[in-house]
Amino acid sequence: MTATPTPKRAPHKGKSYAVLPGFRITLGFTIGYLSLLVLIPLSAVVLKSLELSWDGFWATVFDARVLAAYRISFATALAAGLINVVFGFIVAWVLVRYSFPGKRLLDGIIDLPFALPTAVAGIALTSIYAENGWIGRWLYAIGIPSAYSAAGIAIALTFIGLPFVVRTVQPVLESWETDVEEAAATLGAKRLTVFRRIIVPQLLPSLLTGFALAFARGIGEYGSVVFISGNMPYKTEIAPLLIMTKLEQYDYAGATAVALVMLILSFLLQLLINALQWKAARRMTSP
Amino acid sequence: MAGSHSYPGTTSPPARGTARKLAPRAGCTTESPLARRLLIAVALGFIGLVLLLPLAAVFVQAFKRGADVYFAALTEPDALAAIRLTLFTALIVVPLNTIFGIAAAWCLTKFAFRGKQWLITLIDLPFAVSPVIAGFLFILLFGAHGWFGSWLAAHDVQIVFALPGIVLATLFVTFPFVARELIPLMQSQGTLEEEAAATLGAKGWKMFRHITLPNIKWGLLYGIVICNARAMGEFGAVSVVSGHIRGETNTLPLHVEILYNEYQFSAAFAAASLLVAVALLTLTAKQWLERKRL
């Protein structure tokens, strides 16, 4: 649902538009509402950060604890994204290409992480992966601390990110013609060769987009992570939690600095995602 | 759109055979039965592990100490206040963002103007913002040390750590949902029908009710359902602005957090089970609407 295709140009342009009413009022409302609710609040962070001294900003953003938080956020989001690329691809493939009992149900449940409040996901995952949990007891037994550790954060982010990959890859697979695969097969290519040389290269843009979406969501995620992470500074403290901590200490300047860095990172990621989607859309329309 | 059609070559011969001269050799574009079963097993196993197990955990934990404890947890005054606040917030947020979504989609899809693509990008912005930062924005504006803080204090208006703050933060995080559902839909429908109505003399509101609304109703409902789910379940953004005052500014997700942090696990999971029910209803409605929409 996050993968909106770039809108096509409307079939009619020019004078015919003027026939329809309501342009000014709807545009005015849209811009007004957008400014009040989104643009002005966002500019507050930028303006607030201008009040900080350059040295103070620098010292906050490159503080060892802050750097550690970025590193943990990035590493766990990366790990979760990679897991989701592999398994999300398999899930999407199975959903599109095969038929089996319970497929509709499986397809419906994929969006659960979109619909389930993150706090609920957080406490449920913690209860499963804690030392006495259903899975935690086995993992702890073989020496993997699956809760209150970086692994726990990655588990939460895997939950959150899964639908992004599946829902990006699935429509692309659905719109595919199998003719290239058939041609390869008639030329004697083994199925594994077809997979490696045809399927993966063609799917790469959408896999990358799905990964980037999951990754972007992962570094900003808060609710599902705070319960399972244990929140130890330098070890399992993620960047959004750091903002929360600074706020609780009334360190508005510090919170602003970290928030600004995160906002810039997310916007850059968003730009990258848009470029990827644009590229993928072009690839699909060109023969 | 998802999963509703099975792929040719797996179970049935392709229905579009007329367009294709050579029917594909059976199985040449699919895997061996063994590989197929293996992949299905992996997919089911992964979904079971990642998605279904947490769902089961919520209900098992909620009923661990019996149905009495479960229902007691849901009927205590703080829980009821949290439920009320969550419903009330959604009741304000969803209609506002729906009106915005319709207005935005109308001007963006029925008219041509410069800067359109920019506007679409700006509408999507809240999706890129971490929920914690979303809440923080409103602290910066309306908090005690914020831009309007002293003015608000002087006029005895409280926004942050009160209902208005919760509503604002929720509005922010659910801002794009209806709009981004409607924009592609109305884009693909074009303007012909509305233009025909206009030439026949229909005025704005009448035209919208009789032409546009019937065309977009399923997509609109879909957007509303998703917007509502997020509005009721938002945690991070609301957590920053709410102040966690029991019985007053605690939404249901925050109530879950407080109980959990106080080691009242059964009660926390009982409250969580309500939110799971909302999520499951949302998914059911979503799938039903997805089929309707096609």
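In what follows, every chain begins at residue 1, and chains take the letters A, B, ... in the order their sequences are listed. Not measured: the values here are computed from a predicted model.
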If I measure from the heavy atoms of chain A, does [X] come under 4.5 Å with its side chain, its backbone, both, or neither?
X        : result
B:Phe113 : side chain
B:Leu52  : side chain
B:Ala56  : both
B:Leu140 : side chain
B:Val50  : both
B:Gln61  : side chain
B:Ile47  : side chain
B:Ser273 : neither
B:Leu39  : both
B:Leu141 : side chain
B:Phe175 : side chain
B:Phe46  : side chain
B:Val225 : neither
B:Leu96  : both

Under a 4.5 Å cutoff for heavy-atom pairs, which residue among [options] has the most contacts with chain B?
options                                : answer
A:Val91, A:Ile40, A:Val166, A:Ile25    : A:Val91
A:Trp134, A:Tyr129, A:Phe29            : A:Trp134
A:Tyr33, A:Phe159, A:Tyr222            : A:Tyr33
A:Leu192, A:Leu125, A:Val194, A:Leu162 : A:Leu162

Going by heavy atoms in the side chains, are A:Leu263 and A:Leu42 under 4.5 Å from each other?
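Yes, side chains in contact.
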So do the side chains of B:Glu194 and B:Phe208 get within less than 4.5 Å of each other, counting heavy atoms only?
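Counting from C-beta outward, B:Glu194 and B:Phe208 never come under 4.5 Å.
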Under 4.5 Å from any heavy atom of chain B, what part of [X] do you find: side chain, backbone, both or neither?
X        : answer
A:Leu106 : side chain
A:Ile128 : side chain
A:Ile31  : side chain

Going by an N to O cut-off under 4.0 Å, is there a salt bridge joining A:Arg97 and A:Glu181?
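Yes, A:Arg97 and A:Glu181 are salt-bridged.
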Backbone of [Y] reached by a side-chain donor or acceptor of [X] within 3.5 Å:
X        : Y        : value
B:Lys286 : B:Ile226 : no
A:Asp111 : A:Phe114 : no
B:Lys110 : B:Gly190 : yes

Any idea which heavy atoms bring B:Met232 and B:Leu275 closest together, and the distance?
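Of all heavy-atom pairs spanning B:Met232 and B:Leu275, the closest is O-CD2, 4.0 Å.
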Looking at B:Ala57, B:Ala229, B:Ser32, which makes the most heavy-atom pairs under 4.5 Å with chain A?
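Going by pairs under 4.5 Å, I would pick B:Ala57.
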Taking every non-hydrogen pair under 4.5 Å, which of B:Thr282, B:Val256, B:Val58, B:Leu51 racks up the most with chain A?
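It is B:Leu51.
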